[in-house]
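What follows is a short report on a single structure.
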Protein chains: 2
Amino acid sequence: MLETAILGLLNESPLHGYELRKRLNLLLGSFRAFSYGTLYPALKALEARGLIETADPAPTATTGRSGARSATGRPSSGGKAPLATGRRGRIVYQLTAEGKEHLQTVLSSSGPAAWEDESFDVRFALFAQTDAETRLRILEGRRTRLTERLEAVRESAARTRERLDEYTLELQRHGLEQVEREVRWLDGLITTERDRVRGRERDHTAGASDAPAQRSKERG
Amino acid sequence: MLETAILGLLNESPLHGYELRKRLNLLLGSFRAFSYGTLYPALKALEARGLIETADPAPTATTGRSGARSATGRPSSGGKAPLATGRRGRIVYQLTAEGKEHLQTVLSSSGPAAWEDESFDVRFALFAQTDAETRLRILEGRRTRLTERLEAVRESAARTRERLDEYTLELQRHGLEQVEREVRWLDGLITTERDRVRGRERDHTAGASDAPAQRSKERG
DNA sequence: GACTCGACGTATCGAGTCGATACATCGTGA
DNA sequence: TCACGATGTATCGACTCGATACGTCGAGTC
């Protein structure tokens with residue numbers, strides 16, 4: 001799933017590892033952070049599979065043909081631009097054609113692999129690059145998954161009650177409440193997405209395209 | 001932290017691995033499950049450190065002096081008792097004196113190691129075995145930790161806004177809301193604990209002991 | 001009885017991940 | 001000038017998970 005996140009971010013713009021990690025952790029709401037020990041091996045694996053490649057943004061020379069680590073190819077022009085200007089021997093990665101293709105395949109899939117705990121956040125963060133039908137299917141799958149879990153926990157709690165102390169009970173109650181709240185959150189998103197799909201079906205030639213629809217101004 | 005959880009559970013009653021795992025996962029609200037690949041090595045390490053030992057619940061013989069795997073020492077008496085009766089060569093673990101001592105040391109500690117993400121749930125689940133002052137300190141530490149994180153996320157979000165799409169924003173908003181809710185949950189618990197400590201200070205010889213105080217009947 | 005099946009029970013392996021750390025360059029300010 | 005912190009790439013050891021293997025037991029089924 002890290003791979004999907006990397007591919008999704010690189011599809012927006014080429015990036016180097018350090019920046020990639022920052023955006024990755026920002027993307028996932030700053031919880032669930034990935035470390036370098038995870039990121040760099042993943043980048044190498046992706047490169048070995050031909051899904052990403054090292055870019056060379058420097059206009060000078062470019063003598064080393066495919067060798068990474070373009071040493072200090074700094075153009076000295078950009079005085080202050082905080083990102084995007086090369087500061088030292090960065091290794092900037094970008095998607096290959098094959099990588100783009102693979103990303104599209106992954107983004108249009110909506111199996112269990114999309115709505116499990118580990119992957120749902122990543123897939124959701126890439127919803128802007130996902131078509132509406134797939135978004136809806138992932139949200140519904142996630143909802144079903146959480147509901148099942150809720151059911152299982154409640155059942156096992158009912159079988160085991162009495163034996164637990166006050167604090168354990170409170171911990172369980174709080175956990176259940178968090179999941180219930182997430183289900184309600186999903187409900188809201190599903191409704192929005194359904195309206196979106198329906199609206200597109202109705203006047204499917206009018207102005208609005210599909211990805212960035214209007215923000216619902218609810219939530220007071 | 002798995003070790004603390006094991007010690008805490010074994011302090012209530014001797015258990016074997018399978019049952020231990022079930023209770024462990026029940027204890028933590030059925031989220032954050034530990035697998036056998038984690039549990040068994042931990043048990044071995046604990047045994048090697050002399051904090052736990054294998055018990056022999058069978059009344060017959062007990063010839064094998066300290067050998068684990070007491071083969072089929074089943075007493076044949078218990079007709080239906082669902083737990084606690086030995087069914088086969090289980091390996092039942094119990095605390096040693098040293099283990100109990102170590103557990104008490106851990107339970108009375110309240111450093112950062114107690115309120116970080118990985119460990120807080122375990123420490124909270126063992127609150128019934130923790131004294132009130134330590135409970136309070138852990139809850140407050142946790143609250144501070146979450147507040148700090150909230151602050152950091154908000155700040156970095158403020159620095160990076162505009163560039164994010166609708167869905168990423170929504171994911172962030174939802175994540176923040178979850179944490180805010182947890183802070184409010186902690187507030188309630190802290191209030192309860194403070195009342196508890198104060199009540200005990202006031203009439204600190206009257207009936208109620210310290211651990212299982214009355215349930216506050218709020219939450220409608 | 002002989003059969004299967006699912007719960008119970010111990011145990012290990014490979015793959016993935018984290019946290020800490022090393023090393024190097026650059027800008028900034030005392 | 002020199003320390004310090006941000007930027008940047010990279011690796012190592014320790015830990016954890018999910019899957020799986022292997023085995024026992026009780027209950028049903030014909």
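Throughout, a chain's letter reflects where its sequence line sits, starting with A, and its residues are numbered from 1.
- Between B/Arg143 and B/Glu140 there is no salt bridge, since no side-chain nitrogen of the basic residue lies less than 4.0 Å from a carboxylate oxygen of the acidic one.
- Summarising the geometry, the separation between CG on B/Leu2 and P on D/dA14 is reported as 18 Å, rounded to the nearest angstrom.
- Residue contacts for B/Gly17: at a heavy-atom cut-off of 4.0 Å it reaches the sugar-phosphate backbone alone, with no base atom in range.
- Using a 30° and 60° split on the angle between ring planes, A/Tyr18 and A/His16 fall in the parallel class, below 30°.
- The distance from atom CZ of A/Arg21 to atom P of C/dA20 is 11 Å, rounded to the nearest whole Å.
- Across the protein-nucleic acid pair, B/Tyr36 atom OH and D/dA21 atom P stand 17 Å apart, rounded to whole Å.
- For B/Asp165 against A/Ala128, the heavy-atom pair with the smallest separation is OD2-CB, 3.5 Å.
- In this structure, D/dC30 and C/dG1 make a Watson-Crick or G-U wobble pair, each of the two defining distances being under 3.5 angstrom.
- B/Asp117 places its CG atom 15 Å from the P atom of D/dT16, with the value rounded to the nearest Å.
- Each of B/Gly37 and A/Ser35 has a nearest nucleotide on DNA chain C; the 5'-most of these lies closest to B/Gly37.
- The CD atom of B/Glu116 sits 15 Å away from the P atom of C/dC18 (whole-angstrom rounding).
- Here D/dA10 presents its C1' atom at 15 Å from CG of A/Leu20, a figure rounded to the nearest Å.
- Using a 30° and 60° split on the angle between ring planes, A/Trp185 and A/Phe120 fall in the perpendicular class, above 60°.
- Residue B/Tyr40 places its side chain closer to C/dT10 than to any other of C/dT17, D/dC17, C/dT10.
- Checked against D/dC17, C/dT10, D/dT9, the side chain of B/Ile91 finds its nearest nucleotide in C/dT10.
- Nearest to the side-chain atoms of B/Lys22 among the listed nucleotides C/dC8, D/dT11, C/dC18 stands C/dC8.
- One interatomic measurement links the two molecules: CZ of B/Phe34 to C1' of D/dG18, which rounds to 15 Å at whole-angstrom precision.
- Counting only heavy atoms from C-beta on, B/Thr38 has its side chain closest to D/dC17 among D/dT11, C/dT12, D/dC17.
- Checking D/dT9, C/dC8, C/dT12 against every side-chain atom of B/Tyr18, the shortest atom distance belongs to C/dC8.
- A salt bridge is absent between A/Glu47 and A/Lys44; no separation between the charged side-chain nitrogens and carboxylate oxygens falls under 4.0 Å.
- One can place CD of A/Glu118 at 10 Å from C1' of D/dG18, the figure rounded to the nearest angstrom.
- Nearest nucleotide to the side chain of A/Lys44, out of D/dA10, D/dG18, C/dG19: D/dA10.
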